[in-house]
Trainee: 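Sharing a structure, written as structure tokens. Questions coming.
First the proteins, then the strands, lettered A, B, ... as listed; each starts at 1. Source: prediction; values computed, not measured. Because only heavy atoms are used, hydrogens play no part in the values below, and waters and symmetry mates are left out as well, while side chains stay in.
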Number of protein chains: 2
Amino acid sequence: MTDAANSDRIRLGNLSRSPGFLLRLSQLQVFNLFYEALGHDQLRPGEFSVIWLISLNPGVRQGVLAKRLMIKPAHMTKLVKRLEDAGHVQRTIEAGDRRAVQLTLTAKGKRLVDARKSEVFGYIAHENVRLSAAEMAELTRLLQKFVGIEGDSL
Amino acid sequence: MTDAANSDRIRLGNLSRSPGFLLRLSQLQVFNLFYEALGHDQLRPGEFSVIWLISLNPGVRQGVLAKRLMIKPAHMTKLVKRLEDAGHVQRTIEAGDRRAVQLTLTAKGKRLVDARKSEVFGYIAHENVRLSAAEMAELTRLLQKFVGIEGDSL
DNA sequence: TAAAATTAGTTCACATGGAAACTAATTTCC
DNA sequence: GGAAATTAGTTTCCATGTGAACTAATTTTA
């Protein structure tokens, strides 16, 4: 039973140092924490990101949002449609350029952001995580640099 | 044109410090690097992980692999079937427990691992990345700790 | 030892996200 | 000013991955 075939402890070799693999595992773990904390309602991470950015940037074009969030335009169309159907987002054809769609929050959307923001930005409690507060801060700093986000709001 | 509605520079607020968001962006970036370096053949990250682990742990059960890689059993079935159809993996019903499936590499599978491993573990060149070698090492260390992988092979 | 519970894996139906082709509006370039 | 190119967004179809229900084999328990 100490044989690799039957043990749960398997050798990872270089995979245990592979950033891609570690990022994938990390993201799955964070997703699980998110859903434990916020899954009770239907709010999903991507959806909150979108309404959050609309609340900070009212009137933003959905293409600009897609680019910043690295969501493909085709997917963004569906995401925004869901948010519109749910009554959180208002779509407006831009006056100057009738191809473009401007996004704003409805009153309901604003209430949702307000009600959930503290949970959304606080669901990674240090009790649930193997890193200290200082390590978590350093991890965040390195990830920011890795993806090219430097300041607070850019 | 400096208005949020029309600018590509949008405010992120707290999202710019959200580990979940940063992990997602990081993973997309790493995926892109992987596909630039290795996309020419059909090898995908998940598939390589599987044959890599089989090469290090011959005879491993596919359920054990699924658990370690955080792949759902239903998906693992399809993944392994693809690898079997491609002639990389051999499935064997375990003698002692006929419910279980043991995985080993074929000669072709071994050749694939050997041929690609240096690329797979080296595609994140420091030229392509905003972090120094030391920062990359620290990021890797923190991610390992975050997901609970401590030593090399566990 | 027979019935109940658990475990390993599979199948099927669905959801999530992406690529390619498309429409409509705008800009560029003779 | 009109054809060609570009841009914003949408639609359609497909690949990837998951949940739930299922089969078969094994273990537990009364």
Trainee: What is the nucleic acid contact for B/A74, judged by heavy atoms within less than 4.0 Å: base, sugar-phosphate only, or nothing?
Mentor: base

Trainee: Side chain of B/H75 only, heavy atoms from C-beta on: which candidate in D/dG17, C/dG9, D/dG9 is closest?
Mentor: D/dG17

Trainee: Roughly, in whole Å, what's the span from CD in B/E84 to C1' in C/dG9?
Mentor: 13 Å

Trainee: Are any of the side-chain nitrogens in B/E138 or B/R141 under 4.0 Å away from the carboxylate oxygens of its partner?
Mentor: yes

Trainee: Hey, do the aromatic rings of B/W52 and A/F21 have their centres closer than 6.0 Å?
Mentor: no

Trainee: So if I apply the ring pair (Phe, Tyr, Trp, His ring centres under 6.0 Å) rule between B/Y123 and each of B/F31, B/F34, B/Y35, which one comes out positive?
Mentor: B/F34

Trainee: Between B/T140 and A/R17 (side chain of the first, backbone of the second, donor and acceptor by atom type, cut-off under 3.5 Å), is there such a pair?
Mentor: no

Trainee: Roughly, in whole Å, what's the span from CD1 in B/I71 to P in C/dG9?
Mentor: 13 Å

Trainee: Measuring from the side chain of B/K78 (C-beta onward, heavy atoms only), which nucleotide among C/dA13, C/dT10, D/dT10 has the closest atom?
Mentor: C/dA13

Trainee: Figure out the CD/P separation between B/Q27 and C/dG17, and round it to whole Å.
Mentor: 13 Å

Trainee: Which heavy atom of B/L131 sits nearest a heavy atom of B/M136, and at what distance?
Mentor: CD1-SD, 4.0 Å

Trainee: Select from A/R44 and A/K72 the residue whose nearest nucleotide in DNA chain C is closer to the 5' end of that strand.
Mentor: A/R44

Trainee: Quickly work out the B/L79 CG to C/dG9 P distance and round it to whole Å.
Mentor: 14 Å

Trainee: What I want to find out is whether A/R116 reaches A/E119 closely enough, with some N-O distance under 4.0 Å, to be called a salt bridge.
Mentor: yes

Trainee: Hey, which of these two, A/L28 or A/Q62, hits DNA chain D nearer its 5' end, going by closest nucleotide?
Mentor: A/Q62

Trainee: Are A/R68 and A/I149 close enough that some pair of their side-chain heavy atoms sits under 4.5 Å apart?
Mentor: yes

Trainee: Looking only at the side chain of A/R61 (C-beta and beyond, no hydrogens), which of the listed nucleotides D/dG19, D/dA8, D/dT10 gets closest?
Mentor: D/dA8

Trainee: Nucleotides 23-26 of chain C: which of its N/O atoms have a protein N/O under 3.5 Å away?
Mentor:
unit_1: C/dA25; atom_1: OP1; unit_2: A/R98; atom_2: NH2; d: 3.1
unit_1: C/dA25; atom_1: O3'; unit_2: A/R98; atom_2: N; d: 3.4
unit_1: C/dT26; atom_1: OP1; unit_2: A/R98; atom_2: N; d: 2.7

Trainee: Kindly say if B/R91 contacts the phosphate of C/dT10, meaning a side-chain N or O under 4.0 Å from OP1 or OP2.
Mentor: yes

Trainee: Checking only heavy atoms, does the side chain of A/K81 share a donor-acceptor pair with the base of D/dG9 at less than 3.5 Å?
Mentor: no

